[in-house]
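Some notes on the structure that comes next.
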Amino acid sequence: MSTTALALLELGVILFALGVCGRVAGRLGMSPIPLYLLGGLAFGQGGLVDLDAATEFGHLGAEIGVVLLLLLLGLEYTAPELMTGLRRSWPAGVADLVVNAVPGALVAWALGWGAVGAVVLGGVTYISSSGIVAKTLDDLGRLGNRETPVVLSILVLEDLAMALYLPILTMLLAGLSLLHGLVSLALALATVAVVLVIALRFGRVVSAVLDSADREVLLLQLLGAALLVAGAASALNVSAGVGAFLLGIAISGTTADAAAKILEPLRDLFAAIFFVAFGLSIDPAAIPPVLGWALLLALVTTVTKLAVGWWAAGRQGIGRRGRARAGAALVARGEFSIIIAGLAVAYGMAGPELAALASAYVLIMAVAGPVLARVAEPVGEWASRRAGSPA
């Protein structure tokens, strides 16, 4: 059988299985993300069935999925709303960094991985998955909730922190000179600044350039622009998702409405591929030896993320149900955590234990995050009844 035929057959199996998972999740009234992740685990290396031929498409499809998830999330908000949220939420962003990076750093020191290992694992436990959070909020119909701008602001602050963190991490792993590291950092900051200025000052121009009455033209221009911005951002050590999100912020008015409608089916398709590709990247056999540490980190950093979301939403005058939803929405870890661990392994600064621990931890958190987001509603409602406060 030819390679192309095998890849098509395997991709067909994966997509059909995704549809079944989505149907089951709908019947259970839950987000399909955990089932997508577990499905990827079953089809990956060391799983029940090894589908290697579709892996290459899965990697590219996963990247497109993150871009589309963050692009459509950006379409929900305007540039002034973003800046207002960032000004109000920066203290929560600082607290988020401290309380979620420290547990990972301490575990790395305990396992003897040194200062670089502490920087790596601290980054793994710090950052939430923008892709999983965006999909979960959409699945649960919470994009318009009062607490969602708070969650969004923290996610943006985390992604912007990655624009600083990744160049520094690369410099440490590669043993580069301070000058080279500073140049990489300056490029990353300049990229974020330029895209922010374009979003704030020239949003109408961007919308006018992309707008079209022809659905096909609009789709091609939107997708092309998103991939161009995401690719340029990634090349300059900035998250591709951040670039796509800021592009979404820049698009406004009727163009934003039309863009959301035309891109939603594509987003759902590639977002599902993203979650499966993540599961495919994990070898189940590597998980048991580090499962204890992964569970400990998962427990501690679930509590810290819940606390950050609760406190941040409370600062905005949001009631107990909204605070519970905000904290639970931030729990999931995903794409960035795996990228960080992958960098450490690629540069030879970490052994398979670190990669396995990061994979086990992220898998636990990627499954737990959507589940906690689902149960946060009744838990928050119970807390509100006990305290007699509004949502």
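On a predicted model such as this, the values are computed, not experimentally measured, just so you know.
- Residues S153 and W90 fail the side-chain proximity criterion, which asks for heavy atoms closer than 4.5 Å.
- L121 places none of its side-chain heavy atoms less than 4.5 Å from the side chain of I340.
- Cluster annotation: L218 is connected to L227 through the hydrophobic network of ILVMFWY side chains, with a link wherever side-chain heavy atoms come within less than 4.5 Å.
- Proximity of L68 to L223: side-chain heavy atoms (C-beta onward) are separated by under 4.5 Å at one or more points.
- Under the 3.5 Å distance criterion, the side-chain polar atoms of Y361 are left unmatched by any main-chain donor or acceptor of L296.
- Counting only distance, with no hydrogens or angles, the side chain of T301 and the backbone of L297 share a donor-acceptor pair below 3.5 Å.
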**OP:** Give the C-alpha distance, both sets of side-chain angles, the deciding distance and a yes or no for side chain to side chain contact (heavy atoms under 4.5 Å, CB included) between W310 and R320.
**Re:** CA-CA 8 Å; W310 181 280; R320 291 176 180 267; 3.8 Å; yes
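- Scanning all heavy atoms of the two residues, the minimum distance from Y126 to A161 falls at OH-CB, 3.6 Å.
- A distance-only check finds a donor-acceptor pair linking the side chain of T125 to the backbone of N100 [under 3.5 Å].
- The shortest heavy-atom contact between G322 and A313 is O-CB, 4.4 Å.
- Listed here is the closest heavy atom pair of V119 and Y165: O-OH, 2.8 Å.
- Between the D214 side chain and the E216 main chain, a donor and an acceptor come within less than 3.5 Å of each other.
- A distance-only check finds a donor-acceptor pair linking the side chain of S128 to the backbone of L330 [under 3.5 Å].
- Under the 4.5 Å side-chain heavy-atom criterion for grouping Ile, Leu, Val, Met, Phe, Trp and Tyr, V375 is connected to M365 within one hydrophobic cluster.
- Two residues are said to be in side-chain contact when any heavy atoms from C-beta on lie closer than 4.5 Å; L357 and W113 meet this criterion.
- The minimum heavy-atom distance between A118 and W109, with the atom names listed, is CB-NE1, 3.5 Å.
- Following chains of ILVMFWY side-chain contacts shorter than 4.5 Å, one can reach L295 starting from L372, so the two form part of one hydrophobic cluster.
- Ionic pairing of D139 and R374 is not present here: no N-O contact between side-chain nitrogen and carboxylate oxygen is shorter than 4.0 angstrom.
- With rounding to the nearest 0.5 angstrom, the CG atom of L157 is 11.0 Å from the CD1 atom of I127.
- Within the 4.5 Å cutoff, the side chain of L75 has no heavy atoms near those of the D257 side chain.
- The backbone N or O of R142 sits less than 3.5 Å from a side-chain atom of T148, completing a donor-acceptor pair.
- Distance check: I273 CD1 to I14 CD1 gives 8.5 Å after rounding to the nearest 0.5 Å.
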**OP:** Take V67 and V229 through the side chain to side chain contact (heavy atoms under 4.5 Å, CB included) test and state the conclusion after the steps.
**Re:** CA-CA 10 Å; V67 169; V229 172; over 6 Å; no
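- Summarising the geometry of G327 relative to L306, their closest heavy-atom pair is C-CD2, 3.5 Å, with the distance given to 0.1 Å.
- Listed for the R333 side chain is a donor-acceptor partner under 3.5 Å among the backbone atoms of V331.
- Judged by distance alone, the side chain of R323 and the main-chain N or O of I318 form a donor-acceptor pair under 3.5 Å.
- Among residue pairs with one or both ends in residues 300-312, those qualifying as salt bridge (Lys or Arg N to Asp or Glu O under 4.0 Å) are D96-K305, E158-K305; sequence neighbours excluded.
- Formation of a donor-acceptor pair under 3.5 Å by the R204 side chain with backbone atoms of I251 is not found in this model.
- Although no hydrogens or angles enter the test, the distance criterion places a donor-acceptor pair under 3.5 Å between the side chain of Q221 and the main chain of L210.
- Shown here for S337 and V124, the closest heavy-atom pair between the two residues is OG-O, 2.7 Å.
- To the nearest 0.5 Å, the span separating CG on N145 from CG on L137 amounts to 8.0 Å.
- L6 CG to L11 CG: the interatomic distance, rounded to the nearest 0.5 Å, is 11.0 Å.
- Rounding to the nearest 0.5 Å places CG of L71 at 7.0 Å from CG of L222.
- With sequence neighbours excluded, the residues satisfying side-chain hydrogen bond (donor to acceptor under 3.5 Å, both in side chains) with S129 are E335.
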Subject >> Worked check of side chain to side chain contact (heavy atoms under 4.5 Å, CB included) between V197 and R201 >> reply: CA-CA 6 Å; V197 168; R201 298 292 180 89; 4.2 Å; yes
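- Under a hydrophobic-cluster definition in which Ile, Leu, Val, Met, Phe, Trp and Tyr are linked whenever side-chain heavy atoms come within less than 4.5 Å, directly or via other members, I262 and L220 are assigned to different clusters.
- No chain of hydrophobic side-chain contacts below 4.5 Å, direct or via other Ile, Leu, Val, Met, Phe, Trp or Tyr residues, connects V217 to L219.
- Rounded to the nearest 0.5 angstrom, I64 CD1 and L69 CG are separated by 12.0 Å.
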